[in-house]
Amino acid sequence: MNILVTGAKGFAGKNLVANLKNIRDGKNRTRDIHIGEIFEFDIDTDKSLLDKFCAKSDFVFNLAGVNRPKDNSEFMSGNFGFASELIDTLKKHDNKCPVMISSSLQATLIGRYDGEYGRSKLAGETLFFDYGKETGAKVLVYRFPNLFGKWCRPNYNSAVATFCNNIANDLPIQVNDRSTQLELLYIDDLVEEMFDALENKEHHCEYDGLEPVANESGKYCYVPTTHKVTLGEIVDLLESFKTQPETLVMTEIPNNSFAKKLYSTYLSYLPKEKTIFDLKMNCDDRGSFTELLKTMNCGQFSVNISKPGITKGQHWHNSKWEFFIVVAGHGLIQERKIGTDDVIEFEVSGDKIQAIHMLPGYTHNIINLSDSENLVTVMWANEQFDPNHPDTFFEVVK
C-alpha cells in the first residue's frame with residue numbers, strides 16, 4: 001500500500017509519517033498494515049510531484065491546511081483551493097483510493113460564528129463529499145478539536161503547546177479565564193485512529209451540535225478519545241510537572257489519562273539543561289542513600305550504596321513494607337521477626353537480580369559481603385518517608 005500524506009511537515013503530518021515509517025520498517029508490529037512507499041507532500045514540495053503521488057497512491061491523508069495566514073482570504077485558497085487541486089489530480093488518474101481529510105469543529109459553527117477558517121473547512125468537506133458521491137471513492141471526513149502532543153509548534157495555534165513550552169523554559173504565560181474549557185485530542189490517539197482507517201476500521205459518527213454521536217453509518221468520522229479540561233487544570237498540572245525534579249513527587253497519572261498525555265507533551269519541550277537534574281545523595285563513611293522518586297499513592301524509590309564489609313538497616317517497621325533489589329555487588333539480607341530468635345537469610349547478587357520483601361514486624365539488614373566492591377541496592381517502600389511518623393525502629397537482627 002502506497003500512502004500520500006499532504007501537510008507532511010505539519011504537526012499532525014510529522015507524527016503520522018514517523019509512525020507510518022515505524023510500521024513500514026517493521027519497528028511497529030501491532031498493526032496488520034503493509035506499507036510500500038510513503039509520499040510526503042507539503043507547501044515547499046515540488047508541485048509536479050503531486051501528480052506522481054496521486055497516480056501511485058492507495059490511500060491519501062489530506063492533512064494540509066492553512067491555520068494562521070497573513071490574510072483571511074488565504075484560508076479559502078489554502079484549505080479549499082488545495083483540496084480542489086488534490087481532487088482534480090486524483091480524477092486525472094482515475095484514482096478512487098480512500099481519502100481522509102482533516103476538517104475542524106469550527107466548520108460546525110458557521111451561522112453562529114462568522115469565521116473564514118471554519119468556512120473554508122466546511123467548503124472542503126462539501127467538496128470531498130461531492131467527490132465521493134461522484135466517483136464512489138471512500139471519503140473519511142474528520143472534524144478535529146484542538147490537538148496537542150510532541151512536536152506541536154508553540155505560540156502558533158495551540159494553547160497547550162504554548163503553555164508546555166513556556167513553563168518548561170521559564171517563560172511567562174497568560175490565562176485570562178481559568179474556567180475556560182477546551183476539548184483536546186492527543187496526537188498519538190489521532191495516529192491510532194489513522195491506523196484504524198487504514199485497516200478499514202475507522203469510527204463513524206453524526207454530529208449533535210459540536211458533539212459527535214457514534215453511528216456506524218454516520219457521514220463523518222471521529223477519534224473516540226478526547227479530553228475536556230479547563231485552562232486552570234492544564235496550568236496546575238504543568239506546574240506540578242515542573243516542580244517534580246525538586247520534590248521528586250510524581251503526580252498521579254492514571255493509564256490513558258489526560259495527565260499522562262500532558263506529561264509526555266511537557267517533557268518534549270524541556271531544554272537540554274533541564275533534561276538532567278541532581279539528586280541529593282546522603283553520604284557517610286558507610287556509603288550513600290539517595291531518594292529517586294516519590295509517588296502520590298504508591299510509595300517511593302531509592303538507591304542504597306554500601307561500601308565493602310558494611311552492614312546497613314538494623315531496623316523494623318510496624319506497617320511499612322519494602323522491596324530490596326540488589327543490582328550490583330554481593331550481599332546478604334537478614335530478617336528476624338520481633339520477639340523471636342528465628343532469622344531468615346537471602347544471599348543476593350547483581351548477577352541474579354531478585355526482589356526481597358522486607359516484612360512488617362521483622363527487623364532487617366543488608367550486608368555487603370565483598371572486600372572490594374560496593375553493594376548497590378534499589379529500594380521501594382510502599383509509602384513516602386514521613387519524618388513526623390517514620391515508623392522505623394532500631395534493632396539489630398543478630
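Please read these numbers as outputs of a predicted model, since none were measured by experiment.
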Answer yes or no: are there more than 12 heavy-atom neighbours, outside Lys27 itself, under 6.0 Å from its atom NZ?
no
Criterion salt bridge (Lys or Arg N to Asp or Glu O under 4.0 Å) on Arg31 and Glu192, from CA distance to verdict
CA-CA 10 Å; Arg31 294 285 185 158; Glu192 288 300 317; 2.8 Å; yes
Could you please spell out the steps behind the side chain to side chain contact (heavy atoms under 4.5 Å, CB included) verdict for Ser84 and Tyr131?
CA-CA 10 Å; Ser84 179; Tyr131 165 70; over 6 Å; no
Side-chain heavy-atom pair Phe346, Ile344 within 4.5 angstrom cut-off
yes
Within 6.0 Å of CG in Asp25, more than 12 heavy atoms from elsewhere:
yes
Which pair of heavy atoms, one from Tyr269 and one from Gly149, lies closest together, and at what distance?
OH-O, 3.8 Å
Might you confirm whether atom CD of Glu216 has over 12 heavy atoms from other residues, nucleotides or ligands at distances under 6.0 Å?
no
Output, in order, the C-alpha distance, side-chain angles, deciding distance and verdict of side chain to side chain contact (heavy atoms under 4.5 Å, CB included) for Leu198 and Ile3.
CA-CA 10 Å; Leu198 284 174; Ile3 298 173; 3.9 Å; yes
Quick check with a 6.0 Å cut-off and a 45 degree axis cone: is Lys56 positioned over the face of Phe39's six-membered ring?
no
Kindly indicate, with the supporting measurements, whether the criterion salt bridge (Lys or Arg N to Asp or Glu O under 4.0 Å) is fulfilled by Lys398 and Asp341.
CA-CA 8 Å; Lys398 65 177 185 178; Asp341 296 325; over 6 Å; no
Atom CG of Asp170 with >12 non-hydrogen neighbours under 6.0 angstrom
yes
Under 3.5 Å, side chain of Asn365 to main-chain N/O of Gly313, donor-acceptor pair present?
no
State the CE-OG1 distance between Met100 and Thr6, to the nearest 0.5 angstrom.
9.0 Å
Minimal non-hydrogen separation, Val223 against Asp189, with atom names:
CG1-O, 3.7 Å
Given salt bridge (Lys or Arg N to Asp or Glu O under 4.0 Å), test Lys138 with Glu202 step by step and report yes or no.
CA-CA 12 Å; Lys138 184 177 183 180; Glu202 69 278 356; 3.0 Å; yes
Residues, nucleotides or ligands: over 12 heavy atoms within 6.0 Å of Leu171 CG
yes
Please step through side chain to side chain donor-acceptor pair (under 3.5 Å) for the pair His330 and Asp351, ending with a clear verdict.
CA-CA 9 Å; His330 179 208; Asp351 294 332; over 6 Å; no
Residue pairs involving residues 193-219 (criterion ring pair (Phe, Tyr, Trp, His ring centres under 6.0 Å); sequence neighbours excluded)
Tyr207-Tyr220
So which of Tyr263, Phe11, Phe148, Phe144 actually passes ring pair (Phe, Tyr, Trp, His ring centres under 6.0 Å) with Tyr186?
Phe148
Please check this pair: side chain of Asn165 against backbone of Pro154, looking for a donor-acceptor N/O pair closer than 3.5 Å.
no
Would Trp316 and Tyr362 count as a ring pair (Phe, Tyr, Trp, His ring centres under 6.0 Å) here? Give the steps.
CA-CA 6 Å; Trp316 63 280; Tyr362 281 68; over 10 Å; no
Minimum heavy-atom distance between Ala137 and Cys97, given as atom pair plus value
CB-O, 4.0 Å
Are Ser302 and Asn304 close enough that a side-chain donor and a side-chain acceptor fall under 3.5 Å?
no
Can you tell me how far the CG atom of Asn28 sits from the CD1 atom of Ile23, to the nearest 0.5 Å?
5.0 Å
Tell me, with the steps shown, if Lys280 and Leu248 meet side chain to side chain contact (heavy atoms under 4.5 Å, CB included).
CA-CA 10 Å; Lys280 181 184 177 183; Leu248 299 184; over 6 Å; no
Candidate pair Glu85 and Lys47, rule salt bridge (Lys or Arg N to Asp or Glu O under 4.0 Å), full reasoning:
CA-CA 11 Å; Glu85 181 181 0; Lys47 301 302 181 185; over 6 Å; no
So which pairs with a foot in residues 375-388 pass side-chain hydrogen bond (donor to acceptor under 3.5 Å, both in side chains), sequence neighbours left out?
none
Kindly indicate, with the supporting measurements, whether the criterion side chain to side chain contact (heavy atoms under 4.5 Å, CB included) is fulfilled by Leu50 and Phe82.
CA-CA 11 Å; Leu50 184 63; Phe82 179 77; 4.2 Å; yes
Asp278, CG: over 12 other non-hydrogen atoms inside 6.0 angstrom
no
Decide if atom CG of Asn256 counts as having more than 12 heavy atoms of other residues, nucleotides or ligands within a radius under 6.0 Å.
yes
Please indicate whether Lys96 has more than 12 foreign heavy atoms, meaning atoms of other residues, nucleotides or ligands, lying under 6.0 Å from its NZ.
no
Check whether the side chains of Lys307 and Asn368 place a donor and an acceptor atom closer than 3.5 Å, and report yes or no.
no
Is there a side-chain contact between Ile356 and His364 in this structure, where contact means two heavy atoms from C-beta onward sitting under 4.5 Å apart?
no
